[in-house]
Amino acid sequence: MKLGFVSDSLGGISLTEMLDHAARMGVSGVEVNTCGWSTAPHFDLRGMLEDRRKRDDFHRAFQDRGLEIISLNANGNPLHPTDATQGRDLRDTIRVAGDMGVTTVCTMSGLPAGSPGDTMPNWVVSSWPPETQEILRYQWEEKLIPFWSEIAGLARENGVTRIALELHGNQCVYNVASLKRLNEAIGPVIGANLDPSHLFWMGADPLAAADALGDLIYHVHAKDTMLNAPVQAANSLLENGPLMDIPARAWSYITLGFGHGDEWWRQFCYRLKMAGYDGWLSIEHEDVLLNSLEGLEKSVALLKSVMPRDPADFKPQDI
């Protein structure tokens with residue numbers, strides 16, 4: 001496995017400073033945010049699309065430090081019913097990735113409205129009342145599958161072989177079953193960006209998810225979640241309070257090891273190996289209480305201590 005981090009983890013500093021810290025910390029690459037819910041402080045999507053020299057200069061900044069571009073990340077809602085820019089920017093991210101030789105694009109599946117007349121995305125999380133089933137039919141059959149059929153074709157045309165969808169709440173694809181359903185409908189370009197932090201707050205077990213996904217794991221975000229037991233016990237894990245009010249929330253994103261310790265992350269890495277995954281672990285730091293650089297450094301240190309690095313070489317002796 002190889003270790004890196006998401007560029008927005010250090011979104012408050014320049015590209016040069018961010019890459020210098022990456023080299024200093026001894027990671028192998030950086031996953032770059034391009035658009036969507038990120039202001040993309042390190043990546044000018046329009047400029048990169050139009051100017052090869054900008055793309056070459058960007059790539060060279062990585063190469064000069066011995067770093068790789070892990071993937072491009074267009075983390076928005078490409079099926080937003082009133083904001084077409086997010087779908088457009090995903091398409092442009094795929095085009096730029098192809099021009100730069102980056103074969104993996106990370107994104108979200110998208111969440112449409114619940115019917116043709118709606119203007120707001122609608123996430124269905126239960127089977128009742130009965131209208132939920134019509135909402136799901138509309139979203140999948142009339143929006144999600146046609147959209148991703150088009151995007152899969154665009155990816156193939158541009159040499160992007162893997163689109164890794166983050167299993168995230170408020171998206172049509174948010175768990176193992178929904179990821180497999182879209183993969184079966186669209187084909188092998190669609191796989192999972194397995195981020196344990198979201199599975200924690202949705203009540204799933206990321207270790208079991210790794211087993212169930214197997215070779216559909218195309219990418220991994222390393223992010224932790226703290227479950228605030230007293231608040232969870234009273235209010236459940238369905239949480240819509242302010243992200244910055246950590247004590248009042250049932251769960252919060254947190255620096256690696258602060259929610260689940262070394263032993264859990266060691267087991268996670270091993271279960272990924274068992275599932276056949278030997279790719280990137282990309283740290284996504286979103287802890288609002290710790291300094292971003294300090295939190296990222298602690299996360300890098302933890303994963304370096306538990307992740308497999310070298311190929312297995314055990315072979316039973318001839319006896």
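Remember, predicted model here, so these are calculated numbers, not experimental data. The residues of the chain are indexed from 1 along the displayed sequence.
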Checklist entry - So do His168 and Tyr174 actually touch side chain to side chain, heavy atoms under 4.5 Å? => result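 No - every pair of side-chain heavy atoms lies 4.5 Å or more apart.
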Checklist entry - Does Arg249 use its side chain to pair, donor to acceptor, with the backbone of Trp251 at less than 3.5 Å? => result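 Pair found, side chain donor or acceptor close to backbone of Trp251.
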Item to check | Main-chain N/O of Leu45 paired with Asp92 side-chain donor or acceptor, under 3.5 Å | outcome: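 Between the backbone of Leu45 and the side chain of Asp92 there is no qualifying donor-acceptor contact (under 3.5 Å).
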Item to check | Distance, nearest 0.5 Å, that separates OG1 of Thr119 from CG of Asp83 | outcome: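 The distance works out to 12.5 Å.
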Checklist entry - Should the pair Trp264 and Phe268 be assigned to parallel (<30°), tilted (30 to 60°) or perpendicular (>60°) ring geometry? => result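 The arrangement is parallel - the two ring planes meet at less than 30°.
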Checklist entry - Is Arg24 salt-bridged to Glu17, going by a charged N under 4.0 Å from an acidic O? => result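 Answer for the salt bridge query: no.
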Item to check | Short N-O contact, Arg46 and Glu50, less than 4.0 angstrom | outcome: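 Salt bridge between Arg46 and Glu50, a charged N being under 4.0 Å from a carboxylate O: no.
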Does a donor on one side chain sit under 3.5 Å from an acceptor on the other, for [X] and [Y]?
X	Y	result
Ser38	Asn33	no
Glu31	His221	yes
His198	Asp195	yes

Next on the checklist: His219 and side chain to side chain contact (heavy atoms under 4.5 Å, CB included): which single residue from Ile70, Asn73, Val105 fits?
Outcome noted: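 Of the listed options, the one satisfying the test is Ile70.
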Next on the checklist: ring pair (Phe, Tyr, Trp, His ring centres under 6.0 Å) for Phe43 and Phe58? Distances and angles first, verdict last.
Outcome noted: CA-CA 9 Å; Phe43 196 86; Phe58 187 81; 5.2 Å; yes
Item to check | Test salt bridge (charged side-chain N to carboxylate O under 4.0 Å, His left out) applied to Lys273 and Asp278, Asp211, Asp310, the passing residue | outcome: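 Option passing the salt bridge (charged side-chain N to carboxylate O under 4.0 Å, His left out) with Lys273: Asp278.
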Checklist entry - So is Lys223 actually on top of Tyr253's ring, under 6.0 Å and inside 45° of the axis? => result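 Cation-pi check for Lys223 and Tyr253: passes.
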